[in-house]
Amino acid sequence: MNKLQLLDQQLIDATSAKAKENPRLRMNYNFHSTLDDKVQRFINCMEPETKVEIHHHPVDEMLIVIRGAIKAILVDDDKNVIDEKIIRPADGVYGVQLPKNVWHTVECLEPDTCLFEIKEGPYVTHQDGGILE
């Protein structure tokens with residue numbers, strides 16, 4: 001594509017509106033071209049009642065909160081919380097790096113929350129033991 005792709009208020013608002021209509025209460029907008037791209041970059045808009053399963057990735061993951069707030073939570077194999085942080089730009093906390101191969105989840109704390117996520121590709125589904133049951 002030979003044009004600039006903006007991450008602006010219009011894109012965030014449109015993606016947030018789709019999240020509210022989605023039964024999962026979240027919606028991604030991908031900036032990467034395919035799921036095989038070496039770098040996965042996308043916004044993830046979500047609402048407070050969304051459920052993000054406890055999962056892990058074989059790579060580090062960076063979450064930057066553009067709008068709203070989340071709680072990032074690390075857990076052990078028994079689902080005991082080992083660390084948690086609130087990420088809220090209004091409080092001067094903008095993002096969090098999640099370590100590879102560590103169980104984690106995020107809790108959406110405010111309506112219209114929007115994250116920018118970055119992680120190494122290609123995209124890997126959680127079907128091979130990536131979700132903690």
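Positions are given from 1, in the same order as the sequence printed here.
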Approximate separation, where rounding is to 0.5 Å, of D83 CG and L98 CG | 10.0 Å

So which heavy atom on C108 is nearest to which on T50, and how close?
-> CB-CG2, 4.2 Å

Any ring-ring contact (aromatic ring centres under 6.0 Å, His included) pairs touching residues 8-31, not counting sequence neighbours?
-> Y29-F31

Any chance you could measure N44, atom CG, to I70, atom CD1, to the nearest 0.5 Å?
-> 9.5 Å

Should F42 and L11 be counted in the same cluster of Ile, Leu, Val, Met, Phe, Trp and Tyr side chains packed under 4.5 Å apart?
-> no

Between the side chain of R26 and the main-chain N/O of K51, is any donor-acceptor distance below 3.5 Å?
-> yes

For V93 against I86, the heavy-atom pair lying closest together | CG1-O, 3.8 Å

Without swapping roles, check the side chain of N28 against the backbone of N30 for a donor-acceptor pair under 3.5 Å.
-> no

Is D60 reaching over with its side chain to a backbone N or O of P99, donor-acceptor style, under 3.5 angstrom?
-> no

Please tell me if the side chains of C45 and T113 come closer than 4.5 Å, counting only heavy atoms from C-beta onward.
-> no

Give me the ring orientation class for H57 and H104: parallel if the planes are under 30° apart, tilted from 30 to 60°, perpendicular past 60°.
-> tilted

Working to the nearest 0.5 Å, report the span between CD of E110 and CE of M46.
-> 12.5 Å

Under a 4.5 Å side-chain heavy-atom rule over Ile, Leu, Val, Met, Phe, Trp and Tyr, are V65 and V96 clustered together?
-> yes

Of all heavy-atom pairs between H56 and V102, which one has the smallest distance, and what is that distance?
-> CB-O, 3.3 Å

Report whether L7 and I64 are members of the same hydrophobic cluster (ILVMFWY, side-chain heavy atoms less than 4.5 Å apart, transitive linking).
-> yes

In this structure, NZ of K119 is separated from NE2 of H32 (nearest 0.5 Å) by 8.5 Å

In terms of hydrophobic clusters joined by side-chain contacts under 4.5 Å, are I87 and F116 together?
-> no

Could you pull out the closest heavy-atom pair between E84 and V81, with the gap in Å?
-> OE1-CG1, 4.0 Å

Check whether any side-chain heavy atom of P111 sits under 4.5 Å from a side-chain heavy atom of E47, and report yes or no.
-> yes

Under the 3.5 angstrom rule, does the side chain of D76 hit a backbone N or O of D78 as a donor-acceptor pair?
-> yes

What about M62 and I43, same hydrophobic cluster or not, with Ile/Leu/Val/Met/Phe/Trp/Tyr joined at side-chain heavy-atom distances under 4.5 Å?
-> yes

Rounded to the nearest 0.5 Å, how far does CD of Q40 lie from OG1 of T34?
-> 7.5 Å

Is there a donor-acceptor pair under 3.5 Å between the side chain of R41 and the backbone N or O of V39?
-> yes

How long is the span from the CG atom in L115 to the CD1 atom in I66, to the nearest 0.5 Å?
-> 7.5 Å

Would you kindly say whether S16 and D13 are connected by a side-chain donor-acceptor distance under 3.5 Å?
-> no

Counting only heavy atoms not in E120, do more than 12 fall under 6.0 Å of its CD?
-> no

Taking the side chain from T105 and the backbone from V52, do they hold a donor-acceptor pair closer than 3.5 Å?
-> yes

